[in-house]
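The structure appears below as structure tokens.
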Amino acid sequence: MLPVPHTIHLGAVSAQLRRGALHLAEVVLAPLGLFYLLQMLTNFTGGVVAALGWALAVLLVRLVTRTPVPAVLLLTTGLLVVRSAIGFATGSAFLYFLQPTLQNFLFAALLLATVPLRRPLLARLADDFCAFPTTLTRNPRVQRFFRRVSLLWAVVFLMNGAATLWALAKATLGDFMVMTTAVSYSMVGLAALASLLWFRRELRGEGIRLRFGAGAPA
């Protein structure tokens with residue numbers, strides 16, 4: 001167990017925010033924006049090609065430059081390939097967006113399935129957004145926290161999937177993209193804030209403090 005009190009330095013908060021924002025832009029915002037732009041300028045197929053092309057280009061650049069490939073990028077790119085194949089084969093925007101809608105239920109199932117593991121899926125994905133030192137990730141209370149918070153995020157994905165499925169059935173394509181983006185990010189943002197507050201509370205109970213700023217990692 002870590003000594004009490006103990007401080008974990010995570011580096012400058014601005015660097016952590018940039019890292020998280022970069023991953024979010026790479027795997028979500030850029031493909032969605034390119035799809036919408038090209039779909040408006042050309043057609044549905046043009047939007048599909050633009051989104052898929054971006055994802056594959058980002059992955060290729062990381063492989064060529066030997067830059068670490070985040071787990072979330074591999075997961076979302078693989079799912080996008082399947083989604084694009086369905087879109088090309090059917091030409092249906094409904095089926096194209098149905099796949100990421102059902103993806104919410106898949107993520108929820110994966111989170112629940114990995115809860116018994118020492119490092120559940122959520123803990124591995126968290127590493128893509130914030131590099132935690134091993135002295136923190138190996139702490140039993142931290143490992144227990146990630147197992148418990150996985151249940152919270154499973155509920156979030158289930159609710160998000162249900163809301164998105166309803167919007168897909170009722171709204172136009174443009175309204176669907178606006179509505180689901182707003183609702184999804186609102187839910188994710190609230191869940192992220194709740195997770196952070198919960199995480200800090202768990203660490204305080206273990207005598208661990210998180211500090212953003214200069215300092216060598218513990």
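Numbering starts at 1 and runs along the sequence shown. Below, each value reflects all heavy atoms present in this structure, side chains not excepted, and no hydrogens, waters or symmetry copies.
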**Study point:** Under the side chain to side chain donor-acceptor pair (under 3.5 Å) test, residues paired with R62 that sit two or more places apart
**Key:**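 Residues passing side chain to side chain donor-acceptor pair (under 3.5 Å) with R62: E26.
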Practice item. Supply the atom-to-atom distance N43 CG to L38 CG, rounded to the nearest 0.5 angstrom. Key: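 It is 9.0 Å, given to the nearest 0.5 Å.
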Point to revise | Distance, nearest 0.5 Å, that separates CG of L80 from CG of L59 | key: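 The distance works out to 11.0 Å.
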Is the count of non-hydrogen atoms from other residues, nucleotides or ligands lying under 6.0 Å from [X] atom [atom1] greater than 12?
X    : atom1 : answer
Y36  : OH    : no
M187 : CE    : yes
W153 : CH2   : yes

hydrophobic_cluster_shared for [Y] and [X], side chain cutoff 4.5 Å:
X    : Y    : answer
L110 : V115 : no
W198 : L190 : no
M179 : L29  : no
V142 : L117 : no
V81  : V49  : yes

Practice item. Applying side chain to side chain contact (heavy atoms under 4.5 Å, CB included), run through F145 and R141 and close with a yes or a no. Key: CA-CA 6 Å; F145 161 77; R141 187 162 187 162; 5.9 Å; no
Side-chain donor/acceptor pairs under 3.5 Å, residues 161-173, sequence neighbours excluded:
residue	atom	partner	partner atom	Å
T164	OG1	N160	O	2.7
T172	OG1	D175	N	3.4
T172	OG1	D175	OD2	3.2

Exercise for review: Check the pair I86, L98 against side chain to side chain contact (heavy atoms under 4.5 Å, CB included), reporting the backbone distance first and the verdict last.
Suggested key: CA-CA 10 Å; I86 294 174; L98 178 62; over 6 Å; no
Measure from the side-chain N and O atoms of [X] to the backbone N and O of [Y], and report whether any donor-acceptor pair falls under 3.5 Å.
X    : Y    : value
N104 : P100 : yes
S92  : L95  : yes
R119 : Q143 : no
T77  : L74  : no

Review point. Under 30°, 30 to 60°, or over 60°: which ring-plane class applies to F199 and F146, parallel, tilted or perpendicular?
Key: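 If you compare the ring of F199 with that of F146, the planes turn out tilted.
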Exercise for review: Over 60° means perpendicular and under 30° means parallel, so classify the ring planes of F44 and F35, tilted if in between.
Suggested key: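 Correct class here is perpendicular.
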Exercise for review: Could you please spell out the steps behind the side chain to side chain contact (heavy atoms under 4.5 Å, CB included) verdict for L79 and Q99?
Suggested key: CA-CA 8 Å; L79 292 171; Q99 190 269 337; 3.8 Å; yes
Exercise for review: Run the numbers on S195 and L152 for side chain to side chain contact (heavy atoms under 4.5 Å, CB included), then give the verdict.
Suggested key: CA-CA 8 Å; S195 299; L152 168 65; 3.8 Å; yes
Point to revise | For the student: nearest non-hydrogen atoms of A113 and P116, plus distance | key: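 Closest approach of A113 to P116: O-CD, 3.4 Å.
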Exercise for review: Compare every heavy atom of A154 with every heavy atom of L111, then report the nearest pair and how far apart it is.
Suggested key: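 Nearest heavy atoms, L111 then A154: CD1-N, 3.8 Å.
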Point to revise | Distance flag, aromatic centroids of F97 and F176, threshold under 6.0 Å | key: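 Yes, close enough.
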Review point. Within a strict 4.5 Å, meaning less than it, do heavy atoms of the V61 and T67 side chains meet?
Key: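 With C-beta onward as the side chain, the pair stays apart.
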Check your understanding: Relative to F88, does R83 satisfy both conditions: NZ or CZ under 6.0 angstrom from the six-membered ring centre, and within 45 degrees of the ring's axis?
Key ->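 The answer is no; the distance or angle limit is not met.
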